[in-house]
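One structure is given here, and the rest of the page talks about it.
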Amino acid sequence: VIPGWFSEMSPMWPGEAHSLKVEKILFQGKSDYQDVIVFQSATYGKVLVLDGVIQLTERDECAYQEMITHLPLCSISNPKKVLVIGGGDGGVLREVARHSSVGQIDICEIDKMVVDVSKQYFPNVAVGYEDPRVNLIIGDGVAFLKNAAEGTYDAVIVDSSDPIGPAKELFEKPFFESVNRALRPGGVVCTQAESLWLHMDIIEDIVSNCREIFKGSVNYAWTSVPTYPSGVIGFMLCSTEGPQVDFKKPVNPIDADESSIKSHGPLRFYNAEIHSAAFCLPSFAKKVIDSK
Ligand code: AAT
């Protein structure tokens, strides 16, 4: 451990630790679920850390939040009801709110401290909560989806932390079954699905569960986020039985949408080309994912 630096260590990425220089610790607390830290870094702006793991930095959060949101929402026309699981910082809400077709945005985050801390230290991220379409539920996403009415949502976005801690069940089969039930026919789900470099074992399990459950299409996409382990993170994108969804060909463009740019500013990362490119996989991963 280098004094004055934060190093991200976890059994999920043994033998390596990405480090950021700390200027100042702004918040340190312990919620019912996890340790919460906010610090000012020297080069990535403010950083939110849960149980020692970086959740977002001001500098690169756009890459993650824009991709996890617009990959599913730009793949279907006229999304109306959207559910976010996790995502307590509000960044995904901010991105969902760009879509004018959306009339209802439910969010189920387990940890109220994440919501409060984000509103205090990350106003440009938590701005998502200011949209009147947002309906916040503090609770466990697994329980929430178990009780959700069948066929309710056009899209579910699972912005979850890693499977060590409160998010463990969000990576398991019963959870994906509940998601499938809560989606309308031809509805879509996008879940945080870890790193191609570090977690092919986890990805393999998610892919085989999803192929059994989601009878539409099942795809893996990825993006570059410098402050996530190994610098990349992926997403599992699936659709339910019903009208076919071709995730690789976005039908609902947002990057040139004038009203979205006017109300929310231009997108920093997502565009239609990077959408399609996100589904191109390195050969080692393609072989495994296609064979599942
Ligand atoms: N958008 C920032 C990125 C995140 S945040 C993940 C959120 O999921 C956290 O706020 C956490 O409190 C919440 N969460 C964890 N478990 C549950 C649950 N069971 N139900 C609802 N919300 C939950 C993800 C960062 C990825 C990091 C990659 N290494």
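Note that ligands are numbered from 1 as they come in the structure, with each ligand's atoms numbered from 1 the same way.
Within the cation-pi definition used here (under 6.0 Å to the ring centroid, within 45° of the axis), Lys24 does not qualify as a partner of Phe39.
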Notebook entry, point to check: Checking side-chain contact (heavy atoms from CB on, under 4.5 Å) for the pair Asp131/Arg94: CA distance, chi angles, key distance, verdict?
Noted result: CA-CA 8 Å; Asp131 194 287; Arg94 179 192 68 201; over 6 Å; no
Note to self: Would Phe247 and Val188 count as a side-chain contact (heavy atoms from CB on, under 4.5 Å) here? Give the steps.
What the structure shows: CA-CA 9 Å; Phe247 285 105; Val188 292; 3.5 Å; yes
Item checked: Working for side-chain contact (heavy atoms from CB on, under 4.5 Å), residues Val53 and Asp162 -> CA-CA 9 Å; Val53 178; Asp162 299 319; 3.5 Å; yes
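Applying the side chain to side chain contact (heavy atoms under 4.5 Å, CB included) test between Leu183 and each of Leu83, Thr240, Asp154, Thr152 identifies Thr240 as the sole match.
Residue contacts with ligand 1 for Glu169 are absent, since no atom lies close enough (heavy atoms, distance under 4.0 Å). Here Leu50 has side-chain heavy atoms under 4.0 Å from ligand 1, and that is the only part of it that gets that close. Contacts between Leu170 and ligand 1, counted as non-hydrogen atom pairs separated by less than 4.0 Å, involve the side chain only. Proximity of Cys108 to ligand 1, defined as any heavy-atom pair under 4.0 Å, is confined to the backbone N, CA, C and O atoms. Residue Tyr228 touches ligand 1 through its side chain alone, judged by heavy-atom distances below 4.0 Å. The backbone of Ser160, and not its side chain, has at least one atom closer than 4.0 Å to an atom of ligand 1 (non-hydrogen atoms only; backbone = N, CA, C, O).
Considering backbone and side-chain N/O atoms, Gly141 comes within less than 3.5 Å of an N/O atom of ligand 1. Residue Pro166 has at least one nitrogen or oxygen atom sitting less than 3.5 Å from a nitrogen or oxygen atom of ligand 1, judged on distance alone. For ligand 1, the polar-atom distance check against Gln192 finds no nitrogen or oxygen pair separated by under 3.5 Å. Considering backbone and side-chain atoms alike, Asp159 places an N or O below 3.5 Å from some N or O of ligand 1. The distance criterion of under 3.5 Å between nitrogen or oxygen atoms is met by Ile110 with respect to ligand 1.
By heavy-atom distance, the residue among His199, Gln65, Glu109, Glu194 lying nearest atom 10 (O) of ligand 1 is Glu109.
Here the side chains of Cys210 and Ile206 are in contact, with some heavy-atom distance below 4.5 Å. Residues Lys80 and Tyr153 form no side-chain contact, since every pair of their non-hydrogen atoms from C-beta on lies 4.5 Å or further apart.
In this structure, Arg133 contributes its side chain and Val102 its backbone to a donor-acceptor pair below 3.5 Å.
Not close to ligand 1: Met12, with no non-hydrogen atom less than 4.0 angstrom away. Under the 4.0 angstrom criterion for non-hydrogen atoms, Gln34 is in contact with ligand 1.
Annotation: Tyr228 is in aromatic contact with Tyr64 [ring centroid separation under 6.0 Å].
Set against the non-hydrogen atoms of Asp89, the atoms of ligand 1 under 4.0 Å away are 1 (N), 2 (C).
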